[in-house]
Amino acid sequence: MAVQKPSIPKGTRDFTPIEMVRRNYIFDTIRSVFKTYGYLPIETPAMENLSTLLGKYGEEGDKLLFKILNSGDYIDKVDQSIIKPGNSNQLSMAICEKGLRYDLTVPFARFVVQYQNELTFPFKRYQIQPVWRADRPQKGRYREFYQCDVDVIGSDSLLNEAELVMIINEIFTKLGVRTTLKINNRKILSWIADFIGYPEKLIDITIAIDKIDKVGIDAAIAELDGKGVSKDAIAKLHPILTLTGSNAGKIEKLRKMITDSEVGKKGVAEMEEFFEYLEALGHIKTEVELDLSLARGLNYYTGAIFEVKAKDVEIGSICGGGRYDDLTGVFGLKDMSGVGVSFGADRIYDVMLQLNLFPEKLLSSTKVMFTNFGRYEATYCLNAIRGLREKGISAELYPDATKLKKQFDYANKRNIQYVVIAGESEMQNRQFSVKNMTSGEQETIAFSNLNEYLLRKFS
RNA sequence: GUGGGGGUAGCUCAGCUGGUUAGAGCAUCAGAUUGUGGUUCUGAGGGUCGUGGGUUCGAGCCCCAUUCUCCACCCCA
């Protein structure tokens, strides 16, 4: 039988110990900040019923769902007439009732509705789990990746938006990633669509103006033209999108433009209140900019929308989110407004790796290694090793009595700081030789003083 | 879903207009050194050149198909 090449599915990755240590550093940082703001952890299953996932992410999103084949003789239970060429879409719906989660927000909405009587509102939760998208992988895009979500649900106060910005700022400051945070408001976008006379083209318009950043305003306008937006409308749109100045200045200009739209006024008022809170919270490192060209695709957002980009690396957004007023509505719970953002751990990893932002010392696990000269000598070390571990110093004994060169090699590669040598001569004098692997210095210590000696070294 | 680049040793790659036995560096293992590493020196192992077909006296190189991968678009973390 031919051997098979070891491989993993497209867009997925294995993580080696160094990578895991670094990823955990990111997760730990994010988690610790979430906790200090009072958010509580939850987890949901990797798979959800397709009915809870479908229709929440728009047409594009539905296509990117991984579906799970039913068990058993699923083909027998299906109307045989739908099994025909070119009908795989309908067929897949008939033979799959589960799918892998596409994000953490929709499962969270389902969770909230399901446990509404047990939860205390406003409910603040965080959730760090992988999600799956049947996208075509490329730079910074994977088919399996982790999201770190924080959401508050059951409160429409804009204090929550301000708090999320503080969280974003704190996390990226701790990780050493310089970022720009763009904020916009879906209500303002919807006023824009109204204002230029195409309220029904809101989605097309937002998608087009979202690209301004990437392809330039002219190309975005060309796209709108292609979607059937009139020249007049585009002329009305242009000055809005090219608004410049401070955040307060932009808000002021918008207020003057919006005369007869309730949604528009509400959107502007929200932004004003948000910036007021943010200012009161004091100076933060993250640059926060009101950007009217920001438009997140997910169509469940209804208020503020956020997007965070790394300043020093060209990669998609590393964090994004917004307010959704009625995500729980489809599951039968009305009037539950929520806001949340999601941190893309994998992209943050890529950014930090490229900028060399991971602390050097992350990889050292074992602090002290004992060399092994044989059964008799190894026995001499065992109790000392246990003593060190009890003091919280990670220690290990090299398991085989191979030549010392090999044992030292191992210690080097593992970044072990101290090697304890206990051979015949040390045993005769009830001693240990302790070698510092960075300086190369070696000292002889009495058997009973080893703990104390090493504790002093690590204090 | 659309478009481009690429698969040669464990890793990073070289390999001329097709020509004999496919190379290098790093890594691995062994020895120089039977109780001292990260430096050095010597040697060894490791490849059906992604897979399948075709052209040719002859294919790593040319042609076709297929697969995987990278990049861009779409969309997004």
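Just so we're on the same page: letters track the sequence lines, and every chain starts at 1. Model, not experiment: these values are computed from the prediction.
- Neither OP1 nor OP2 of B/G37 sits under 4.0 Å from any side-chain N or O of A/Lys435.
- When each of A/Pro9 and A/Ile318 is assigned the nucleotide of RNA chain B with its nearest heavy atom, A/Pro9 is the one assigned upstream, toward the 5' end.
- Closest approach to the A/Gln442 side chain among B/U36, B/G38, B/G1 is made by B/U36 (side chain taken as heavy atoms from C-beta onward).
- Of all nucleotides present, only B/A44 satisfies the Watson-Crick or G-U wobble test against B/U28, with each distance under 3.5 Å.
- The partner of B/C16, taking Watson-Crick or G-U wobble pairs whose two distances both stay under 3.5 Å, does not exist in any strand shown.
- Nucleotide B/U56 forms no Watson-Crick or G-U wobble pair with any nucleotide shown, as no partner meets the under 3.5 Å limit on both distances.
- B/C73 and B/G1 make up a base pair, with Watson-Crick or G-U wobble contacts both under 3.5 Å.
- No hydrogens or angles were tested; on distance alone, nothing pairs the side chain of A/Arg141 with the base of B/A77 as donor and acceptor under 3.5 Å.
- The nearest whole Å value for the distance from the CZ atom in A/Arg136 to the P atom in B/C71 is 13 Å.
- The base of B/G35 does not come close enough to the side chain of A/Thr371 for any donor and acceptor atom to sit less than 3.5 Å apart.
- Note: A/Tyr146 and A/Phe27 have tilted aromatic rings, judged against thresholds of 30 and 60 degrees for the angle between ring planes.
- Across all strands shown, A/Glu307 has no heavy atoms under 4.0 Å from either base or sugar-phosphate atoms.
- A salt bridge between A/Glu289 and A/Lys250 is present, with a side-chain N of the basic residue lying under 4.0 Å from a carboxylate O of the acidic one.
- Using a 4.0 Å cut-off, no side-chain N or O of A/Lys413 falls inside it from OP1 or OP2 of B/A27.
- Under the 4.0 Å criterion applied to side-chain N and carboxylate O atoms, A/Glu48 and A/Arg110 are assigned as salt-bridge partners.
- Of the candidates B/G1, B/G35, B/C75, the closest approach to any side-chain atom of A/Ser433 belongs to B/G35.
- Between the CG atom of A/Asp409 and the C1' atom of B/G31 there is a distance of 14 Å, rounded to whole Å.
- OP1 or OP2 of B/C74 has at least one side-chain nitrogen or oxygen of A/Lys211 nearer than 4.0 Å.
- Classification of A/Lys406 and A/Asp409 as a salt-bridged pair fails, no side-chain N sitting under 4.0 Å from a carboxylate O.
- The side chain of A/Gln138 contributes an N or O atom lying less than 4.0 Å from OP1 or OP2 of B/A72.
- Between A/Lys435 and A/Glu441 there is no salt bridge, since no side-chain N of the basic residue sits under 4.0 Å from a carboxylate O of the acidic one.
- Spacing between atom CG of A/Asp14 and atom P of B/U69 amounts to 13 Å, rounded to whole angstrom units.
- For A/Glu60, the side-chain atoms get nearest to B/C75 when compared with the rest of B/C75, B/A72, B/A77.
- Scanning atom types as modelled, no donor and acceptor separated by under 3.5 angstrom connect the side chain of A/Lys405 and the base of B/U36.
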